[in-house]
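Worksheet: the structure to be examined is printed underneath.
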Amino acid sequence: MPAVVIVGAQWGDEGKGKVTDLVGDRVEYVVRYQGGNNAGHTVVIGDQSYALHLLPSGVLSPDVVPVIGGGVVLDPAVLFEEIEGLQERGVSCDRLLISANAHLIMPHHRALDKVSERYLGKARIGTTGRGIGPTYGDKIARMGIRVQDLFDPGILRKKLELALREKNQLLTKVYNRRGIAIDAVVEEYVTYGERLRPYVADTTLVLNQALEDDKVVLLEGAQGTLLDVDHGTYPFVTSSSPTAGGACTGSGIGPTRITKVIGILKAYTTRVGSGPFPTELLDEWGEFLRKTGGEYGVTTGRNRRCGWFDAVIGRYATRVNGMTDYFLTKLDVLSGLEKVPVCVAYEVDGERTDDLPMTQTDFHHATPVYEYLDGWWENISEARTFADLPHNAQAYVRRLEEMVGAPVSAIGVGPGRDQTMEIRPLI
Ligand code: GDP
Ligand code: IMO
Ligand code: MG
């Protein structure tokens, strides 16, 4: 009954989509357990590139059952657009299952996400503007609207009336925007309900039965550890729990079922949106990483902020997720450097610390302490075994492994499915 979790170890965009796709033919179910269409996962298969936002990346493997768990927030229009886009390219989404408990992103959530960011001015989070935060906010405040509510138009209207009573006041009186008319929304969402109905299932029952039957369930996190609402760089985080614990609540699988937690770790660091980032490079080296690594957002098209590898973050990710393995991605991007700086610790107000500072204030003051590892010149995109890597690239991986405290079991040397080496079987 193996349940395996894939979790981003940094600030997202580590290459989770590629890894999920890679192991797609070894698993029976792939579950998204949190987040929504704030995610952007690029999967490259042969000469085809797919950008996924809401659907689990396992959808591209023909025998996988993709599942949208109850911890996800779902924008139905986005889902249908994604399904249609894939169908046009010959990818079937017929096996998709959606939890009846997943919360819906409503028009007022999208409107409030955009307008509240504008009001925050310089203090803004830099959200994706997809309505993620307001939807999770309402979920926790117990005024959310769930997939199952679409099957009872009377209940849907009642819940929406309650929500809009407050949200329209906010939109019109605080933010000076137009209010939202209920009738059009009810009509739109009831139609969505009809289209969603064939996919909706008691997904926790299905997944637990699958585990009883010894099927392999892969729990695919979106975002990353440092964007976790509890364990990330709050308030510059997303509003859900990408860390391994979130895989249980977001899917309805108990913690005792989880057999492996695979962290996806980029060989350097990136982040999108605002918030502290100790190893950020604002010089030509940042530009080098952005250009060489193609670090532009899949969802919003924004430039990703880039910096050297941060082992403090890595160690922290190992700790809060209980990582059993790492998949190190984008090692190829670092080819051609004389020396590769790696942040081994921080200095906070003159004092060295090996761990993430306890307070936000200290984290904002943290400056990286670098170790300079020897670089390599060779193009490694054709390497398929660890022995194929130049000696210094091997040493880089070994040093990272030592610093983060969990084994690197696989390495990515390019975006393609086959541009991977598995040192030991991931699943
Ligand atoms: P995700 O959000 O974690 O799924 O990651 P994204 O898809 O947003 O960003 C990762 C990007 O790096 C994508 O464009 C991938 O195709 C690409 N990628 C993944 N692994 C590798 C790798 O090992 N090397 C290179 N060069 N690109 C990679
Ligand atoms: P994947 O799954 C990188 C960031 C946003 C913003 C913050 C909050 O592709 O790794 P939100 O819209 O979630 O309320 O925005 O979180 N963010 C991501 N950054 N990768 C992602 O997803 C992200 N999803 C959200 O940029 O800083
Ligand atoms: Mg991404």
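In this text, all values refer to a predicted model and were calculated from it rather than measured experimentally. Order of appearance sets the numbers: ligands from 1, and atoms from 1 within every ligand.
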Please determine, by modelled atom types, if [X] and [Y] share a side-chain donor-acceptor pair under 3.5 angstrom.
{"X": "N101", "Y": "S99", "result": "no"}
{"X": "W11", "Y": "T270", "result": "no"}
{"X": "Y136", "Y": "T238", "result": "no"}

Q: Give the contacting part of W11 toward ligand 2: side chain, backbone, both or neither, where contact means a heavy-atom distance below 4.0 Å.
A: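 Looking at W11 and ligand 2, just backbone atoms fall under 4.0 Å.
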
Q: Please work out whether any backbone atom (N, CA, C, O) or any side-chain heavy atom from C-beta onward of R130 is under 4.0 Å from ligand 2, and answer side chain, backbone, both or neither.
A: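 Under 4.0 Å from ligand 2, R130 contributes no heavy atoms.
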
**Q.** Candidate with minimal heavy-atom separation from atom 21 (C) of ligand 2, of Q10, E14, Q223
**A.**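 Looking at heavy atoms only, the winner is Q223.
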
Q: May I ask which of N37, T238, T42 has a heavy atom nearer to atom 11 (P) of ligand 2 than the others do?
A: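 Of the listed residues, T238 has the closest heavy atom.
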
Q: Anything under 30° is parallel, anything over 60° is perpendicular, the rest tilted; go ahead and classify F288 against W285.
A: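 Answer is perpendicular, since the angle exceeds 60°.
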
Q.
Please give the atom name: the N, O or S atom of D13 nearest to the Mg ion (ligand 3).
A.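 Closest to the Mg ion (ligand 3) among those atoms: OD1.
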
Below 4.0 angstrom from a heavy atom of [X], which ligand 2 atoms are there? Numbered from 1 as shown, please.
{"X": "G273", "result": "27 (O)"}
{"X": "G40", "result": "1 (P), 9 (O)"}
{"X": "G12", "result": "10 (O), 20 (N)"}

Q) Has G40 got an N, O or S atom lying less than 2.8 Å from the Mg ion (ligand 3)? A)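 So G40 counts as coordinating the Mg ion (ligand 3), yes.
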
Q | E82 and R32 ion-paired at < 4.0 Å | A |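 The answer is no: the pair does not qualify as a salt bridge.
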
Q | Within-shell test, G414 vs ligand 1, heavy atom, strictly < 4.0 Å | A |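 Yes.
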
Q: Determine, using heavy atoms of G8 and all atoms of ligand 1, whether some pair is separated by less than 4.0 Å.
A: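 The answer is no, since G8 has no heavy atom less than 4.0 Å from ligand 1.
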
Q. In terms of residue, atom name and distance, what is the protein heavy atom nearest to atom 7 (C) of ligand 2?
A.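 Protein heavy atom with the smallest distance to atom 7 (C) of ligand 2: V237 O, 3.8 Å.
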
Q: For atom 3 (C) of ligand 2, grab the closest protein heavy atom and report residue, atom and distance to one decimal in Å.
A: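 Checking every protein heavy atom, the shortest distance to atom 3 (C) of ligand 2 gives D13 OD2, 3.2 Å.
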
**Q.** Any N or O of V44 closer than 3.5 Å to N or O of ligand 1
**A.**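 Between V44 and ligand 1 (N or O atoms, distance only) the closest approach is not under 3.5 Å.
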
Q | H41 N/O to ligand 2 N/O under 3.5 Å | A |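 It does: an N or O of H41 is found under 3.5 Å from an N or O of ligand 2.
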
Q: Could you see which bit of D332 sits under 4.0 Å from ligand 1, with heavy atoms only: side chain, backbone, both or neither?
A: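 Answer for D332: side chain.
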
